[in-house]
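Scroll down for the structure; my scribbles are underneath it.
Chain identifiers are assigned alphabetically (A, B, ...) following the order of the sequence lines, protein sequences preceding nucleic acid strands; residue numbering begins at 1 within each chain.
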2 protein chains.
Amino acid sequence: MSALILNNIAQHIRLTPEEEAHFVSLLSAKTIRRKQFLLRETDVCRHSAFVTHGCLRGYTVDANGFEHILQFAPPGWWIADMYSLLSQQPGNLNIDALEDTDVLLLAKSDQEQLYHDIPKFERFFRIITENSLVASRRRLLDNMSLSAQQRYESFCRHYPTLIHHLAQKQIAAYIGVTPEFLSKMKSEWLRKPKG
Amino acid sequence: MSALILNNIAQHIRLTPEEEAHFVSLLSAKTIRRKQFLLRETDVCRHSAFVTHGCLRGYTVDANGFEHILQFAPPGWWIADMYSLLSQQPGNLNIDALEDTDVLLLAKSDQEQLYHDIPKFERFFRIITENSLVASRRRLLDNMSLSAQQRYESFCRHYPTLIHHLAQKQIAAYIGVTPEFLSKMKSEWLRKPKG
DNA sequence: GAAATTTCTTAATCTACATTATTGGCCCCG
DNA sequence: CGGGGCCAATAATGTAGATTAAGAAATTTC
């Protein structure tokens, strides 16, 4: 049941069976049903979540009521409101489920204890965070330098599996256009089958 | 001379004098003159750089020749092409100096050795990276949800000291508008002194 | 310290994308 | 089966910000 998360960890650090057992004992399983929330923007984020089944999304709502999606979290991904988790103040991220989803939760306090008990985890989360930072910067650049069309293509290239799974509305909110414009782009794209 | 960097580190981890000395011995000082490059986009990034004097900028050039600034690095800031540093492949970040600038360089290989020799550094760079990630996501959200006007205000709020220092052109490239439009915004802003 | 280069401003025109509105399909629930 | 939501498609109109151009101001260079 925790095979996925142990496998995820084993890609970066090597744990003894005892360490694995200790780590797993800190996790608590939870199921979030479709459209239910794991975190609301008024909450303080107290856990990191690892998705084992289903799909979560992290998004904010701006002053005009528009949703902006920061992250999708399919199985094998971590998700949290890092700002809120670090500062222990209310953040501005909502996390809800696009379909019924199973997660493993690691409490912030346990995570910090883990850094002391098994310093290798310091390394693990450093690496995870470094990779997230690289991805976040690439996306920032995409947003600044690419047209909507190119951002859509970039999304398709980067998340080929997610794309069938998601409503177009969600993809539009991720790449930063209205659903209407995404629809228009796709129909124009069908007309001229490009290169 | 390395007081600034030791102070920066002391905000997150506590080092013994011997550890400090060892760390400092790994650093090499370098001066980059105005308009000279610390890193070109065709290079593999082999160092993390800590700025002690002056100001660097990290930017990419898109297909149409426009510059997009990912980061300014005034004194007390770290800068590197994280993607290239991690993958040891050519990245797409240029780093050059806006004025004559002094940096302390830490080679990737030394940084990795440091993680073994003084594990506290694993923690230090984890925390630094976490903070960068939070900042990067906030900026991504700003880009997706705010108008150019609001992004300019957000920049002024966030970098009150930098703003006098920098050419408007640079600020425009950072917030993602043309210099012409930034100029227009500012003159409109003068006309109606806002609230 | 004058020429050369770069930067800033203003203004006219243009365009990628937003807004609003309408329609039809699909799914859920009674 | 029949109605109420939600989602996608299409299209008309609107707008934030880009593009282009050209002159003024500031800085760099020699």
Side-chain angles (χ1 to χ4, degrees), chain A residues 33-36 55 57 59 61-69 96-100 142-156 162-192 194, chain B residues 32-36 54-55 57 59 61-69 72 96-101 142-156 162-192 194:
Chain A
R33 317 223 115 231
R34 183 175 148 80
K35 299 198 182 189
Q36 298 300 107
C55 190
R57 88 213 236 257
Y59 68 98
V61 181
D62 71 21
N64 306 314
F66 286 92
E67 295 179 356
H68 302 279
I69 298 179
D96 69 359
L98 294 172
E99 57 193 281
D100 294 356
D142 277 9
N143 264 276
M144 296 206 300
S145 61
L146 302 183
S147 67
Q149 183 76 242
Q150 292 170 314
R151 270 176 276 142
Y152 180 62
E153 285 163 18
S154 170
F155 181 85
C156 293
L162 269 183
I163 204 119
H164 309 290
H165 226 65
L166 296 172
Q168 275 190 204
K169 202 189 154 180
Q170 304 299 339
I171 297 171
Y174 187 94
I175 66 177
V177 296
T178 56
E180 292 84 348
F181 191 70
L182 177 54
S183 176
K184 187 179 176 185
M185 280 197 304
K186 287 181 70 174
S187 72
E188 274 167 17
W189 193 69
L190 282 182
R191 217 151 294 158
K192 34 177 169 170
K194 64 98 196 176
Chain B
I32 304 117
R33 316 225 116 231
R34 181 174 150 78
K35 298 196 182 190
Q36 297 301 106
C55 190
R57 90 215 237 253
Y59 68 99
V61 182
D62 71 21
N64 307 314
F66 286 92
E67 295 178 357
H68 302 279
I69 298 179
F72 294 113
D96 69 1
L98 293 173
E99 56 194 281
D100 294 355
T101 298
D142 278 8
N143 265 275
M144 297 206 299
S145 61
L146 300 183
S147 67
Q149 182 77 242
Q150 292 171 315
R151 270 176 278 143
Y152 180 62
E153 285 164 17
S154 169
F155 182 85
C156 293
L162 270 184
I163 205 120
H164 308 291
H165 226 65
L166 295 172
Q168 276 190 199
K169 201 191 156 180
Q170 305 299 340
I171 298 171
Y174 185 94
I175 66 176
V177 297
T178 57
E180 292 86 348
F181 191 69
L182 177 54
S183 179
K184 187 180 175 185
M185 279 198 304
K186 286 183 72 174
S187 73
E188 275 168 15
W189 192 70
L190 281 181
R191 217 151 294 158
K192 36 177 169 172
K194 63 98 195 177

Within this structure, what is the [atom1]-to-[atom2] distance between [X] and [N], rounded to whole angstrom?
X	N	atom1	atom2	value
B:Arg151	D:dA16	CZ	P	13 Å
B:Leu182	C:dT7	CG	P	14 Å
A:His68	C:dA18	NE2	C1'	12 Å
A:Asn64	D:dT15	CG	C1'	14 Å
A:Tyr152	C:dC17	OH	C1'	17 Å
B:Gln150	D:dG17	CD	C1'	14 Å
A:Phe181	D:dG14	CZ	C1'	15 Å
A:Met185	D:dA8	CE	P	14 Å

Q: Could you tell me, to 10°, how much the axis swings from one end of the helix from C:dG1-D:dC30 to C:dG30-D:dC1 to the other, five pairs per end?
A: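 So the angle between the two local helix axes works out to 50°.
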Q: Identify, between B:Ser147 and B:Glu180, the residue whose nearest nucleotide on DNA chain D lies closer to the 5' end.
A: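 In this pair, the answer is B:Ser147.
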(Q) If you assign B:Gln170 and B:Lys184 each to the DNA chain C nucleotide with the nearest heavy atom, which residue ends up on the more 5' nucleotide? (A)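 Its nearest nucleotide lies further toward 5', so the answer is B:Gln170.
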Q.
Both B:Gln168 and A:Val177 contact DNA chain C. Which one's nearest nucleotide lies toward the 5' end?
A.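 Looking at DNA chain C, the more 5' nearest nucleotide goes with B:Gln168.
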Q: Please state whether the rings of B:Phe155 and B:Phe72 are parallel, tilted or perpendicular, taking 30° and 60° as the class boundaries.
A: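 Taking B:Phe72 first and then B:Phe155, their aromatic rings stand perpendicular (interplane angle over 60°).
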Donor-acceptor contact below 3.5 Å, side chain [X] vs main chain [Y]:
X	Y	answer
B:Arg34	B:Asp100	no
A:Gln170	A:Ala167	no
A:Asp96	A:Gln36	no

Q) Nearest of D:dT10, D:dA18, C:dC8 to any side-chain atom of A:Ser187? A)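 Among D:dT10, D:dA18, C:dC8, the one nearest the side chain of A:Ser187 is D:dT10.
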Q) Choosing from C:dT19, D:dT10, C:dT7, which nucleotide comes nearest the side chain of A:Ser183? A)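 Nearest to the side-chain atoms of A:Ser183, counting from C-beta on, is D:dT10.
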Could you give the side-chain donor-acceptor pairs of residues 62-69 of chain A under 3.5 Å, partners two or more places apart or in another chain?
residue, atom, partner, partner atom, Å
A:Asp62, OD1, A:Asn64, N, 2.7
A:Asp62, OD1, A:Gly65, N, 3.1
A:Asp62, OD1, A:Phe66, N, 3.0
A:Asp62, OD2, A:His68, NE2, 2.8
A:Glu67, OE1, A:Arg57, NH2, 2.4

Q | From CA spacing to verdict: side chain to side chain contact (heavy atoms under 4.5 Å, CB included), B:Leu162, B:Cys55 | A | CA-CA 9 Å; B:Leu162 270 184; B:Cys55 190; 4.2 Å; yes
**Q.** Under 4.0 Å protein heavy-atom contacts per nucleotide of nucleotides 25-30 of chain D, with B for base, S for backbone only and - for none
**A.** ---S--
**Q.** Heavy-atom closest pair, residues B:Asp142 and B:Ser154
**A.**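 So the minimum-distance heavy-atom pair works out to OD2-OG, 3.0 Å.
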Q. Hey, does A:Phe181 have a side-chain heavy atom less than 4.5 Å from the side chain of A:Met185?
A.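 The answer is yes, as the side chains (C-beta and beyond) meet within the 4.5 Å cut-off.
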Q: Working to the nearest 0.5 Å, report the span between CD1 of B:Ile171 and CD1 of B:Ile163.
A: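 Taking CD1 in B:Ile171 and CD1 in B:Ile163, the distance rounds to 4.0 Å.
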